Amino acid sequence: MERLLNKYLITILIIVFAGCKNKKQQEKNINLTEKVVSNIEDNMVALEFSEFDDYPNLLKRVAELVCNDSVPVVKIRINDTTYIHKVSTPCWDKIGDILIKQKNVLIVHDDSIEKRFTNPWMRKKFGLSKLGSVLEKDLSNNGKDQNWSESPAKHILSISVSDDSVNKLQPIFLELSRDYEQNFLNSDMRIWLTYYTPYFVPPPPPKEPEKVEEIKLTE
């Protein structure tokens with residue numbers, strides 16, 4: 001059963017995160033969020049959500065930037081502080097297949113949060129206002145609960161919106177910035193912009209054939 005579920009997870013996650021990110025860039029972006037006021041790195045390129053007609057075009061632009069060793073960023077200003085959130089997407093044609101466990105992914109889609117468990121197979125949903133507390137639980141789990149993240153280094157915050165809802169990205173990053181401002185979060189994280197994959201329940205494993213007892217005949 002576990003082996004079958006792993007195959008489903010690998011297939012789905014490859015589809016979800018099919019994009020572009022080389023190994024060098026992935027290692028460089030271990031710290032993907034930082035609070036700064038000035039001295040922005042030269043290779044950072046700010047994303048303006050209002051410039052994109054739909055979400056697929058935004059994802060295409062993110063992939064282009066990442067594949068050319070640029071760093072897409074989302075800048076949110078609160079009071080006198082600018083929060084710069086570095087975003088990315090994996091580059092499968094350069095780094096090859098990698099295993100991403102469902103427990104290490106927290107999904108934010110439109111205005112809700114999802115954590116998908118494997119034991120038992122179920123989904124928990126939260127409102128966007130709970131982003132800080134849910135992230136804190138996920139990042140600090142360190143493998144204690146088998147359904148939550150193994151470690152901050154393996155954790156991925158997967159953000160997506162519906163095709164015609166680019167405007168919903170701004171509230172997500174605003175909420176994330178507020179969580180840093182209010183000290184809900186004290187560590188950086190890896191943020192991927194991705195396509196949303198609907199929740200599914202895998203089919204049950206095939207039944208094992210019934211054992212037929214052999215009857216020995218005695219003379």
Side-chain angles (χ1 to χ4, degrees), residues 1-19 21 26 29-30 32-33 55-56 58-59 62-63 74 85 87-92 95-163 165-166 168-169 171-173 175-176 179 184-185 187-206:
M1 175 68 174
E2 183 177 354
R3 186 172 298 176
L4 179 64
L5 293 180
N6 284 337
K7 288 182 178 179
Y8 272 100
L9 288 177
I10 293 171
T11 302
I12 291 298
L13 287 169
I14 287 175
I15 294 172
V16 174
F17 300 122
K21 189 179 196 309
Q26 186 181 39
N29 285 348
I30 293 299
L32 288 177
T33 309
Y55 187 56
L58 173 59
L59 288 185
V62 171
V74 176
H85 304 278
V87 300
S88 191
T89 188
C91 202
W92 300 104
I95 66 174
D97 293 343
I98 57 175
L99 176 62
I100 303 169
K101 297 180 180 179
Q102 182 165 279
K103 66 177 70 178
N104 292 323
V105 180
L106 182 66
I107 298 170
V108 178
H109 179 65
D110 288 339
D111 53 4
S112 64
I113 304 166
E114 292 183 23
K115 188 65 183 181
R116 297 177 179 181
F117 298 161
T118 55
N119 188 19
W121 194 277
M122 62 176 289
R123 171 180 59 171
K124 291 196 70 173
K125 296 190 72 173
F126 309 86
L128 186 59
S129 62
K130 299 294 184 181
L131 181 58
S133 57
V134 178
L135 269 172
E136 183 183 33
K137 175 177 176 60
D138 215 12
L139 291 166
S140 63
N141 182 62
N142 288 314
K144 294 189 291 291
D145 187 323
Q146 62 182 338
N147 280 315
W148 294 80
S149 178
E150 294 174 306
S151 71
K154 295 181 179 180
H155 185 270
I156 296 171
L157 177 61
S158 172
I159 296 177
S160 63
V161 295
S162 303
D163 287 357
S165 302
V166 178
K168 289 187 176 182
L169 285 170
I172 294 173
F173 283 96
E175 183 64 34
L176 189 59
D179 292 331
F184 270 113
L185 302 172
S187 62
D188 299 329
M189 69 190 71
R190 180 165 31 185
I191 302 174
W192 283 1
L193 294 184
T194 66
Y195 283 108
Y196 177 75
T197 298
Y199 177 70
F200 79 104
V201 178

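What you see is a predicted model, and the numbers here were worked out from it, not measured in a lab. Side chains are part of it too, since the values below use all heavy atoms of this structure and drop only hydrogens, waters and symmetry mates.
Taking the side chain as every heavy atom from C-beta outward, K101 and S149 never approach each other to under 4.5 Å. Residues L176 and L185 are in side-chain contact: their nearest non-hydrogen atoms beyond the backbone lie under 4.5 Å apart. Put simply, the side chain of F173 reaches to within 4.5 Å of the side chain of I159, judged on heavy atoms. The shortest distance between side-chain heavy atoms of I172 and V161 falls below 4.5 Å. Counting heavy atoms from C-beta outward, P171 and D111 have side chains that stay 4.5 Å or more apart. Counting heavy atoms from C-beta outward, F184 and V134 have side chains that stay 4.5 Å or more apart. The closest side-chain heavy-atom distance from W121 to Q102 is below 4.5 Å. Looking at heavy atoms from C-beta onward, T89 lies out of side-chain contact with L193 at the 4.5 angstrom threshold.
Minimum interatomic distance between N147 and T118 (heavy atoms only, all atoms of both residues): OD1-N, 3.0 Å. Across all their heavy atoms, S129 and E175 have their closest contact at O-OE2, 3.6 Å. Here the shortest heavy-atom pairing between M189 and L139 reads CE-CD1, 4.1 Å. Here the closest heavy-atom approach between residue G132 and residue D179 is recorded as N-OD2, 3.0 Å. Of all the heavy atoms in Y199 and R116, the pair that sits closest is N-NH2, 3.3 Å. For the pair Y55 and S160, the tightest heavy-atom approach, listed with the atom from each and the gap, is OH-CA, 3.4 Å.
Taking NZ of K103 as the start and CG of N141 as the end, the distance is 9.0 Å to the nearest 0.5 Å. From E150, atom CD reaches atom CG of D138 across 11.0 Å, with rounding to the nearest 0.5 Å. Taken from CG in L157 to CD1 in I107, the straight-line distance is 10.0 Å, to the nearest 0.5 Å. To the nearest 0.5 Å, the span separating CG on D145 from CG on N119 amounts to 9.5 Å.
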Quick one, H155 with L135, criterion side chain to side chain contact (heavy atoms under 4.5 Å, CB included). Give me CA distance, side-chain angles, the key distance, then yes/no. CA-CA 10 Å; H155 185 270; L135 269 172; 3.7 Å; yes
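Using modelled atom types, one side-chain atom of K115 and one backbone atom of V105 make a donor-acceptor pair closer than 3.5 Å.
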